[in-house]
Amino acid sequence: MDKNVVLVVFAKILVPFILLFALYVQFHGDFGPGGGFQAGVIFATGIILYALVQGVDRAMAVMPPAVLKPMMAIGVLLYGGVGIASMLLGGHFLDYGFLAHDPIHGQHYGILIIELGVGITVAAVMMVIFYAFMGEQN
Amino acid sequence: MALLLDLLSFAMLLGGVFLGISGAVGVIRFPDFYTRIHAAGVTDTLSAGLILGGLMLQAGLTLVTLKLAFILMFLWITSPVASHALARAAMHSGWHPRLSD
Amino acid sequence: MLMYAMAAVGILVVMALALVRGFLGPSVFDRVLAVNMVGTKTTLLIAVYGFLTDRPDFLDIALTYALINFVGVVAVLKFVERVADPRAPEDL
Amino acid sequence: MRYFLILFLLLCAFWLLLSGYWDNDLLLAFGAASSLLVAWIGSRLIGADPPRSYPVSIVRITAYSWWLLVEIVKANIDVVKRIWLPKEHPISPCMARLPLSQVSGVAKAAYAQSITLTPGTVAIEVTDDDVEVHALTKEGLDALREGEMDRRVTSVEKGHR
């Protein structure tokens, strides 16, 4: 699919909106369907579309594997960190209620941060797996 | 007024489904791959437009309508791109169309 | 409600007909065409189903499905272009 | 930089329309942050070739879209006739290379997209100065060959520059 003008042009237009849609799904997890996992997948899909159309090299220049690999860990650490934080504040693991003075707020922020962690990890893992597959073919 | 709107959106949904079935019949009936793309195009353009348009009439002037419009725009951008990429890939693989005469 | 149900059934019929073409083939491109068609009809079906059950949240899912379907088709085509034997695309 | 700003504003608008929670400060803040992040990624995706022209002429694009919509409806009716009544309306698949008059890649892609969007004609290959078209019928190909669609896309393109 080298130099397909139509595909290149329309992918260029679509990809930023796909990425923003992913972040919309990410942050509206408690208002509608969605959340970290879906958002991560959609975000990775946007980058994968770009990689399919423009070549993996250009995708790697924007989302370098060297950045993605720490991101995989950062997401998990964020998740675990919230759990540990709630333990330190006197609750059980992931007992969000203790994260703020008002338990409702605590739960809200806790879920938000956890979803963010899930989203970052899923997006990074999906992209790294895709890079690995594409690398094998070359 | 509400009845008129209901009737209109019912007609649009029905028309969309009819066009969808027509396109699907064309996809089965047409003789070769390249002609089938045209039949599939019917289901992706006007059929999708009528069905989503019928839903939009029901939703009224709300953000739901806007979201339906986003879906329609996305479909109308991506499905021709997909058809074009498909036809191009087929041509590059040496799958030649059957032409009249 | 009835009209949404009818529309949903109609879309299901279209998907079934597209699947027939998917099974018949004969070339891999016919199958991809059928899959793409089933995908766009699924998008419509999810949207109609959202109205049927009165949950407009479903529209986000419809949009996501349309997106995944498109990227999936592009990915399959890329794979086919790399792997397909030009002389016998029907073997895939 | 110009691309970044335009993209940022578009993305903010897109977020507001998707979200619908215009009074939730937290979500608005997330929206602004997300738009900023995506606009930054987006301007990196474009890389060394930022688009030279932007769709300024909304009026021309809207007018063209309406014309195209009418064409799509007409083409749909034609193809549906050929599906249900193959005896009265036989198909005659044919192919041809048609010249195109657009300059920029975006306009060429838009022309090819318009060709594919109207059922009955599919753009197969777009090169620098022509487009290969497969048509369901000879009449469809001849109508395209007259070049009205080509002229209209080119006039929209000229409106930009």
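Not measured: the values here are computed from a predicted model. A note on names: the letters A, B, ... follow the listed sequences, proteins ahead of strands, and every chain is numbered from 1.
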Original post:
So how far is it from D/L27 CG to A/H28 NE2, rounded to the nearest 0.5 Å?
Top reply: 4.5 Å
Subject >> Proximity breakdown for D/L18 and chain A, heavy-atom pairs closer than 4.5 Å >> reply: both
Original post:
At what distance, to the nearest 0.5 angstrom, does CZ of A/F27 lie from CG of D/L26?
Top reply: 9.0 Å
**OP:** Kindly give the heavy-atom pair with the smallest separation between D/W15 and A/L20, and that separation in Å.
**Re:** N-CD2, 3.8 Å
Original post:
Among D/A39, D/S34, D/A110, which residue forms the greatest number of heavy-atom pairs with chain A at distances under 4.5 Å?
Top reply: D/S34
Original post:
By a 4.5 Å heavy-atom criterion (distance strictly below it), what part of A/V15 contacts chain D: side chain, backbone, both, or neither?
Top reply: side chain
Subject >> Within 6.0 Å of CH2 in D/W84, more than 12 heavy atoms from elsewhere >> reply: yes
Subject >> Segment of A/V6 engaging chain D (4.5 angstrom heavy-atom cut-off) >> reply: both
Subject >> Closest contact, heavy atoms only, D/V38 versus A/P16 >> reply: CG1-O, 3.2 Å
Original post:
CG of A/L116 to CZ of D/F30: how many Å apart, nearest 0.5 Å?
Top reply: 7.5 Å
Original post:
Mind checking whether A/F43 and D/I41 have side chains closer than 4.5 Å, heavy atoms only?
Top reply: yes
Subject >> Heavy atoms from other residues, nucleotides or ligands near CE of A/M60 exceed 12 (cutoff 6.0 Å) >> reply: yes
Original post:
Okay, side chain of D/R44, backbone of A/M63: is any donor-acceptor separation there less than 3.5 Å?
Top reply: no
Original post:
Is chain D contacted by the side chain of A/A61, its backbone, both, or neither, given a heavy-atom distance below 4.5 Å?
Top reply: backbone
